[in-house]
Amino acid sequence: MSLREEIDKARLQVHTDSYPMSIGEVINLYQDGEIEIHPEFQRVYRWSEEQKSRLIESVLLGIPLPSIFVSQRDDGVWDVVDGLQRLSTIFSFLGVLKDENKNVVKPLRLQATKYLPSLAGKVWSDPHDPESEIDIEVKRVFKREKLDIKIIKRESESDTKFELFQRLNTGGSRLSDQEVRNCMLLMVNNKAYFWLKKLAEDDNFISTIPISDKQKEECYDQELAFRFVVQRHLSDSLRKEHTDVNPYLNAELNRIFSVESAVLDYDNESEVFRKTFEYMNLALEERSFKKYNHDKAAHKGAVSIAVFEALSSGLSKYLEKNPQVIFDATLCEKIQKASIDLTKHERFIQTQEKSARPLERIVVMGEIGQELFR
């Protein structure tokens, strides 16, 4: 197939429409339940009050905002794919934004901005402090400003929304890779999102992965839980389609967690996860996934992705094959020995070299893990 033929074929997968709407019209659609902004996303977006105020300033100054992308569902409701924070800020300013429990959140109170310092302390409406309210003329100007809405229509392929979100929210984004995946997972299968989030809240799991507050904020704990699941259910054919880790992990998310997927038995996976990290914690506590330094005869440094991939997947598969195994002195010694032997394993050492391909490391770690827990 020629490049032109590939382009023609791929372009047919996306059907879009585009037209401008006033902010007032968009507000009405939101209040009528015709726009879904996925309030769960708010937990992974971190706009400051200053950024929100600057957005409102941009609207008042007539500065065009980037397009809002929405996906049209079978019931006609629009799912916001890109532009969630912009819309949420606007809805919050007007005092109509609702959280995931359908409760109206506290309205946005603006800060002074570069060109409009008089915005300091201003709100859309406050019956207890009418002096802080935006003037009625300014309100009219604000609600009449236009937003460019781009609609992915129903006849587009099913994963178009997922693909578009991924492409619009990677590269130069303030979101971490896992935060982007979390948002994609909410669109692909919101039940799977909450299931994965619950896994990452397991006490033993948390004890074995001492991470910084910043890493926690960027959902690194959820990334490790996600990598645990992927490591146990690798698709060799899917891996061969990629050269970089993050695009591969994104593709695995869609394969493993889509609503139609039969890859996971969620109850079994939860139990395997629980036992794996309970036993790792009993054997090594916070040293569980740190590299063992043979010169100093101690575990050193931060959590190592490679160590995590090898030991967690290796132990989990060992426990699955041997369901009668309980934690005792023998298993404790086995886990501790695997942790020490891993970092002197020739193939492990090779994956730590600069020339090693990170995507190949994932496969190698899985193989070493199973070897250590035979």
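Since we're looking at a predicted model, the values are computed, not measured.
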Lys/Arg-Asp/Glu bridge criterion (N-O < 4.0 Å) met for [X], [Y]:
{"X": "Asp341", "Y": "Lys344", "value": "yes"}
{"X": "Glu278", "Y": "Lys275", "value": "no"}
{"X": "Asp148", "Y": "Lys146", "value": "no"}
{"X": "Arg347", "Y": "Glu371", "value": "no"}
{"X": "Glu271", "Y": "Arg274", "value": "yes"}
{"X": "Arg239", "Y": "Asp236", "value": "yes"}
{"X": "Glu217", "Y": "Lys214", "value": "no"}
{"X": "Glu50", "Y": "Arg54", "value": "no"}

Roughly how far apart are [X] [atom1] and [Y] [atom2], rounded to 0.5 Å?
{"X": "Ile349", "Y": "Leu342", "atom1": "CD1", "atom2": "CG", "result": "9.5 Å"}
{"X": "Leu331", "Y": "Ile326", "atom1": "CG", "atom2": "CD1", "result": "9.0 Å"}
{"X": "Leu110", "Y": "Leu116", "atom1": "CG", "atom2": "CG", "result": "9.5 Å"}

Can you confirm whether [X] is buried at [atom1], in the sense that more than 12 heavy atoms of other residues, nucleotides or ligands lie under 6.0 Å from that atom?
{"X": "Asn103", "atom1": "CG", "result": "yes"}
{"X": "Lys317", "atom1": "NZ", "result": "yes"}
{"X": "Glu360", "atom1": "CD", "result": "yes"}

Within the 6.0 Å centroid threshold, strictly below: Phe277 and Phe228: yes
NZ or CZ of Lys191 within 45° of Tyr266 ring axis and under 6.0 Å: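 Verdict for Tyr266: no cation-pi partner in Lys191.
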Arg232 versus Ser316, side-chain donor and acceptor atoms under 3.5 Å: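 Note: Ser316 and Arg232 side chains meet the donor-acceptor criterion.
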Parallel, tilted or perpendicular: ring planes of Phe93 versus Trp124, cut at 30 and 60 degrees: perpendicular
Criterion side chain to side chain contact (heavy atoms under 4.5 Å, CB included) against Phe373, the qualifying member of Asn322, Leu315, Leu319: Leu315
Test applied, side chain to side chain contact (heavy atoms under 4.5 Å, CB included); reference residue, Val138; option that passes from Ile134, Ile136, Val141: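 Exactly one candidate clears the test, Ile134.
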Candidate pair Gln178 and Arg181, rule side chain to side chain donor-acceptor pair (under 3.5 Å), full reasoning: CA-CA 5 Å; Gln178 186 58 35; Arg181 284 189 208 106; 2.9 Å; yes
